[in-house]
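Just so it is clear, the structure is predicted and the values come from calculations on it, not from any experiment. Below, read A as the first sequence line, B as the second, and so on, with proteins coming before strands; counting in each chain starts at 1.
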Amino acid sequence: MDIISAIVAINPDAKVSVNAEDYDQITWHDGTAVISKADIVAKQAELKKAYDDAEYQRKRKAEYPSIEDQLDDIYHNGISGWSATIKKTKDKHPKA
Amino acid sequence: MSIIKVNEIQNVAGTQNKGVLQVVSTCKTSQFTTTSTSYVDITGLNVAITPRSTSSKVLVVVGVGCMGNSASGYQTFVVLERAISGGATTEIAKSTDAASIASSAMWLDNNTYSTGAASINFLDSPNTTSAITYTLQCKGGGNTAAINRRGDTADDGTVSTITVMEIQG
(Lines give C-alpha, C1' and ligand atoms only; values in the text may rest on other atoms or scores of the structure.)
Protein backbone atom coordinates (compact mmCIF):
# COMPACT_ATOMS: atom_id res chain seq x y z
CA MET A 1 0.00 0.00 0.00
CA ASP A 2 1.56 3.30 -1.02
CA ILE A 3 2.31 6.23 1.24
CA ILE A 4 -0.19 8.68 -0.20
CA SER A 5 -3.07 6.18 0.09
CA ALA A 6 -2.32 5.83 3.78
CA ILE A 7 -2.17 9.60 4.22
CA VAL A 8 -5.51 10.09 2.47
CA ALA A 9 -7.03 7.30 4.55
CA ILE A 10 -5.99 9.20 7.69
CA ASN A 11 -6.94 12.64 6.38
CA PRO A 12 -9.18 12.60 3.27
CA ASP A 13 -8.68 16.35 2.82
CA ALA A 14 -4.87 16.22 2.92
CA LYS A 15 -3.03 18.20 0.25
CA VAL A 16 0.29 16.42 -0.05
CA SER A 17 2.90 15.21 -2.51
CA VAL A 18 5.13 12.16 -2.21
CA ASN A 19 8.27 11.59 -4.23
CA ALA A 20 9.92 8.24 -4.83
CA GLU A 21 7.74 6.51 -2.19
CA ASP A 22 10.11 7.99 0.40
CA TYR A 23 8.89 8.99 3.87
CA ASP A 24 11.55 11.70 3.86
CA GLN A 25 10.25 13.21 0.61
CA ILE A 26 6.72 14.11 1.67
CA THR A 27 5.64 17.70 1.01
CA TRP A 28 2.59 19.04 2.83
CA HIS A 29 0.62 21.72 0.97
CA ASP A 30 -1.92 24.37 1.91
CA GLY A 31 -1.40 24.10 5.65
CA THR A 32 -2.20 20.39 5.82
CA ALA A 33 -1.24 19.10 9.25
CA VAL A 34 1.82 16.85 9.19
CA ILE A 35 1.16 13.17 9.90
CA SER A 36 3.98 11.28 11.57
CA LYS A 37 5.85 8.51 9.77
CA ALA A 38 4.77 6.07 12.51
CA ASP A 39 1.10 6.83 11.90
CA ILE A 40 1.55 6.48 8.13
CA VAL A 41 3.35 3.14 8.50
CA ALA A 42 0.64 1.87 10.87
CA LYS A 43 -2.12 2.90 8.43
CA GLN A 44 -0.25 1.24 5.54
CA ALA A 45 -0.17 -2.03 7.48
CA GLU A 46 -3.88 -1.69 8.29
CA LEU A 47 -4.76 -1.05 4.65
CA LYS A 48 -2.58 -3.91 3.45
CA LYS A 49 -4.29 -6.31 5.86
CA ALA A 50 -7.71 -5.18 4.65
CA TYR A 51 -6.56 -5.64 1.05
CA ASP A 52 -5.15 -9.10 1.72
CA ASP A 53 -8.26 -10.13 3.68
CA ALA A 54 -10.41 -9.24 0.70
CA GLU A 55 -8.47 -11.41 -1.73
CA TYR A 56 -11.25 -14.00 -1.83
CA GLN A 57 -13.68 -11.25 -2.91
CA ARG A 58 -11.45 -10.21 -5.80
CA LYS A 59 -11.08 -13.81 -6.95
CA ARG A 60 -14.83 -14.42 -6.73
CA LYS A 61 -15.56 -11.21 -8.62
CA ALA A 62 -13.22 -12.24 -11.43
CA GLU A 63 -14.92 -15.60 -11.81
CA TYR A 64 -18.60 -14.78 -11.36
CA PRO A 65 -20.54 -14.92 -14.64
CA SER A 66 -21.58 -11.58 -16.10
CA ILE A 67 -24.89 -10.09 -14.95
CA GLU A 68 -26.35 -10.98 -18.35
CA ASP A 69 -25.28 -14.61 -17.99
CA GLN A 70 -26.63 -14.75 -14.44
CA LEU A 71 -30.02 -13.43 -15.60
CA ASP A 72 -30.00 -16.02 -18.35
CA ASP A 73 -29.16 -18.68 -15.75
CA ILE A 74 -32.15 -17.61 -13.65
CA TYR A 75 -34.44 -17.61 -16.68
CA HIS A 76 -33.47 -21.13 -17.72
CA ASN A 77 -32.69 -22.79 -14.37
CA GLY A 78 -34.54 -20.75 -11.79
CA ILE A 79 -33.14 -19.30 -8.58
CA SER A 80 -31.95 -22.67 -7.33
CA GLY A 81 -30.00 -23.28 -10.53
CA TRP A 82 -28.48 -19.82 -10.41
CA SER A 83 -27.63 -20.30 -6.73
CA ALA A 84 -25.82 -23.54 -7.56
CA THR A 85 -23.76 -21.76 -10.19
CA ILE A 86 -22.75 -19.01 -7.78
CA LYS A 87 -22.00 -21.50 -5.01
CA LYS A 88 -19.33 -23.17 -7.12
CA THR A 89 -17.31 -19.95 -7.16
CA LYS A 90 -17.96 -19.24 -3.48
CA ASP A 91 -16.80 -22.73 -2.52
CA LYS A 92 -13.73 -22.43 -4.73
CA HIS A 93 -12.71 -19.21 -2.96
CA PRO A 94 -13.97 -19.45 0.64
CA LYS A 95 -14.10 -16.43 2.90
CA ALA A 96 -10.85 -16.14 4.82
CA MET B 1 46.11 18.90 -30.40
CA SER B 2 44.76 22.10 -31.95
CA ILE B 3 41.72 24.14 -30.96
CA ILE B 4 39.76 26.24 -33.42
CA LYS B 5 37.70 29.06 -31.93
CA VAL B 6 35.36 31.14 -34.04
CA ASN B 7 32.34 33.29 -33.33
CA GLU B 8 30.40 32.31 -36.41
CA ILE B 9 30.62 29.92 -39.34
CA GLN B 10 28.87 30.93 -42.58
CA ASN B 11 28.02 28.93 -45.67
CA VAL B 12 29.21 29.97 -49.12
CA ALA B 13 26.17 32.23 -49.57
CA GLY B 14 27.18 34.20 -46.51
CA THR B 15 24.30 32.87 -44.43
CA GLN B 16 24.94 31.82 -40.89
CA ASN B 17 24.61 28.11 -40.29
CA LYS B 18 22.09 27.27 -37.59
CA GLY B 19 22.67 24.43 -35.25
CA VAL B 20 22.28 22.95 -31.82
CA LEU B 21 24.66 24.67 -29.45
CA GLN B 22 24.10 22.59 -26.36
CA VAL B 23 21.84 19.86 -25.00
CA VAL B 24 20.91 19.16 -21.38
CA SER B 25 18.61 16.39 -20.20
CA THR B 26 17.15 15.01 -17.00
CA CYS B 27 15.53 11.62 -16.53
CA LYS B 28 13.25 11.00 -13.57
CA THR B 29 13.11 7.33 -12.70
CA SER B 30 11.08 7.53 -9.49
CA GLN B 31 7.35 7.90 -8.97
CA PHE B 32 5.52 11.02 -7.85
CA THR B 33 2.03 11.37 -6.39
CA THR B 34 0.04 14.36 -5.21
CA THR B 35 -3.42 15.22 -3.94
CA SER B 36 -2.87 18.89 -4.70
CA THR B 37 -5.39 20.54 -7.00
CA SER B 38 -2.95 23.41 -7.53
CA TYR B 39 0.17 22.88 -9.60
CA VAL B 40 3.19 21.56 -7.68
CA ASP B 41 6.68 20.74 -8.91
CA ILE B 42 7.25 17.15 -9.93
CA THR B 43 10.34 16.50 -7.87
CA GLY B 44 13.40 15.97 -10.03
CA LEU B 45 11.70 16.64 -13.35
CA ASN B 46 13.48 19.85 -14.23
CA VAL B 47 16.49 20.96 -16.23
CA ALA B 48 18.67 24.08 -16.34
CA ILE B 49 20.37 25.69 -19.30
CA THR B 50 22.21 28.95 -19.84
CA PRO B 51 21.86 30.19 -23.43
CA ARG B 52 24.96 31.58 -25.07
CA SER B 53 23.03 34.29 -26.89
CA THR B 54 19.83 36.26 -26.41
CA SER B 55 18.86 35.34 -29.96
CA SER B 56 18.98 31.63 -29.25
CA LYS B 57 15.85 29.57 -29.03
CA VAL B 58 15.41 26.67 -26.66
CA LEU B 59 13.63 23.53 -27.78
CA VAL B 60 12.05 21.83 -24.79
CA VAL B 61 11.14 18.18 -25.22
CA VAL B 62 9.18 16.47 -22.44
CA GLY B 63 8.06 12.89 -22.26
CA VAL B 64 6.08 11.60 -19.29
CA GLY B 65 6.04 7.82 -19.34
CA CYS B 66 2.62 7.56 -17.80
CA MET B 67 0.29 9.44 -15.52
CA GLY B 68 -2.85 8.29 -13.80
CA ASN B 69 -5.38 9.05 -11.12
CA SER B 70 -6.53 6.99 -8.17
CA ALA B 71 -10.24 7.39 -8.96
CA SER B 72 -12.37 6.99 -12.06
CA GLY B 73 -13.68 10.16 -13.63
CA TYR B 74 -10.78 12.32 -12.47
CA GLN B 75 -7.87 13.94 -14.23
CA THR B 76 -4.16 14.51 -14.06
CA PHE B 77 -2.69 17.67 -15.57
CA VAL B 78 0.88 18.73 -16.29
CA VAL B 79 2.21 22.15 -17.22
CA LEU B 80 5.64 23.32 -18.37
CA GLU B 81 7.11 26.24 -16.45
CA ARG B 82 10.12 28.47 -16.99
CA ALA B 83 12.08 30.44 -14.43
CA ILE B 84 14.94 32.79 -15.33
CA SER B 85 17.75 33.33 -12.83
CA GLY B 86 15.71 31.57 -10.16
CA GLY B 87 13.03 34.24 -10.40
CA ALA B 88 9.29 33.99 -10.81
CA THR B 89 7.96 31.11 -12.82
CA THR B 90 5.96 31.47 -16.02
CA GLU B 91 3.68 28.78 -17.37
CA ILE B 92 4.55 28.14 -20.99
CA ALA B 93 3.33 25.69 -23.60
CA LYS B 94 -0.31 26.54 -22.93
CA SER B 95 -2.90 27.69 -25.39
CA THR B 96 -4.38 31.18 -25.23
CA ASP B 97 -7.91 29.86 -24.86
CA ALA B 98 -9.64 30.85 -21.66
CA ALA B 99 -10.22 27.18 -20.89
CA SER B 100 -6.51 26.39 -21.16
CA ILE B 101 -5.30 24.80 -17.96
CA ALA B 102 -2.41 22.57 -18.87
CA SER B 103 0.30 21.66 -21.33
CA SER B 104 -1.02 18.14 -21.38
CA ALA B 105 -3.66 16.18 -19.54
CA MET B 106 -5.25 12.79 -19.17
CA TRP B 107 -8.82 12.02 -18.23
CA LEU B 108 -9.41 8.74 -16.49
CA ASP B 109 -12.50 7.00 -17.80
CA ASN B 110 -13.71 4.13 -15.67
CA ASN B 111 -10.66 2.08 -14.83
CA THR B 112 -8.18 3.24 -12.21
CA TYR B 113 -5.46 1.26 -13.94
CA SER B 114 -5.79 3.39 -17.07
CA THR B 115 -2.96 5.80 -17.77
CA GLY B 116 -2.05 8.49 -20.24
CA ALA B 117 1.31 9.67 -21.53
CA ALA B 118 2.31 13.29 -21.97
CA SER B 119 4.49 14.56 -24.79
CA ILE B 120 5.40 18.23 -25.07
CA ASN B 121 7.59 19.83 -27.73
CA PHE B 122 7.87 23.57 -27.24
CA LEU B 123 10.21 26.05 -28.93
CA ASP B 124 10.91 28.79 -26.44
CA SER B 125 12.37 32.24 -27.13
CA PRO B 126 13.65 33.22 -23.69
CA ASN B 127 15.71 36.23 -24.92
CA THR B 128 18.28 35.90 -22.15
CA THR B 129 21.77 34.65 -21.39
CA SER B 130 20.87 34.02 -17.77
CA ALA B 131 20.33 30.55 -16.37
CA ILE B 132 16.89 29.16 -17.20
CA THR B 133 15.19 26.35 -15.35
CA TYR B 134 12.41 24.45 -17.05
CA THR B 135 10.20 22.51 -14.65
CA LEU B 136 7.26 20.21 -15.16
CA GLN B 137 4.45 20.61 -12.65
CA CYS B 138 1.35 18.53 -12.11
CA LYS B 139 -1.96 18.60 -10.30
CA GLY B 140 -5.02 16.41 -10.03
CA GLY B 141 -8.63 17.19 -10.77
CA GLY B 142 -9.32 15.39 -7.50
CA ASN B 143 -8.12 12.35 -5.56
CA THR B 144 -4.50 11.36 -6.20
CA ALA B 145 -2.63 12.27 -9.36
CA ALA B 146 0.26 9.97 -10.21
CA ILE B 147 3.33 10.41 -12.38
CA ASN B 148 5.42 7.48 -13.64
CA ARG B 149 2.89 4.97 -12.35
CA ARG B 150 -0.73 3.88 -12.44
CA GLY B 151 -3.18 5.69 -10.24
CA ASP B 152 -4.27 2.66 -8.24
CA THR B 153 -0.94 1.14 -7.31
CA ALA B 154 2.76 1.87 -7.01
CA ASP B 155 3.45 -1.19 -9.15
CA ASP B 156 4.40 -0.86 -12.82
CA GLY B 157 6.55 2.26 -12.96
CA THR B 158 7.88 4.22 -15.93
CA VAL B 159 10.35 7.07 -16.44
CA SER B 160 9.95 10.68 -17.56
CA THR B 161 12.45 12.93 -19.28
CA ILE B 162 12.89 16.62 -19.97
CA THR B 163 15.47 17.68 -22.54
CA VAL B 164 16.40 21.19 -23.63
CA MET B 165 18.38 22.11 -26.73
CA GLU B 166 19.77 25.57 -27.38
CA ILE B 167 19.20 26.36 -31.06
CA GLN B 168 21.33 29.05 -32.61
CA GLY B 169 19.21 32.12 -33.40
CZ of F77(B): more than 12 outside heavy atoms within 6.0 angstrom?
yes

Does any backbone or side-chain atom of T144(B) lie under 4.5 Å from a heavy atom of chain A? Answer side chain, backbone, both or neither.
side chain

Starting from F122(B), can I reach I167(B) by hopping between I/L/V/M/F/W/Y residues whose side chains sit under 4.5 Å apart?
no

I'd like to know if I26(A) and I42(B) are part of one continuous hydrophobic network [Ile/Leu/Val/Met/Phe/Trp/Tyr, side-chain heavy atoms within less than 4.5 Å].
no

Starting from I7(A), can I reach F32(B) by hopping between I/L/V/M/F/W/Y residues whose side chains sit under 4.5 Å apart?
no

Indicate if W82(A) and I67(A) have the same hydrophobic cluster label, given that clusters are the connected sets of ILVMFWY residues with side-chain heavy-atom separations under 4.5 angstrom.
no

Within residues 32-61 of chain A, which positions have a heavy-atom distance to chain B below 4.5 Å?
none

Anything in residues 8-22 of chain A with a heavy-atom distance to chain B below 4.5 Å? Please list those residues in order.
V8(A), A14(A), K15(A), V16(A), S17(A), V18(A), N19(A), A20(A), E21(A)

Following the transitive rule for hydrophobic clusters with a side-chain heavy-atom cut-off under 4.5 Å over Ile, Leu, Val, Met, Phe, Trp and Tyr, establish whether Y74(B) and M67(B) coincide in one cluster.
no

Can you tell me how far the CG atom of D2(A) sits from the CD atom of Q31(B), to the nearest 0.5 Å?
8.5 Å

Enter the distance from D30(A):CG to T37(B):OG1 here, rounded to the nearest 0.5 Å.
7.0 Å

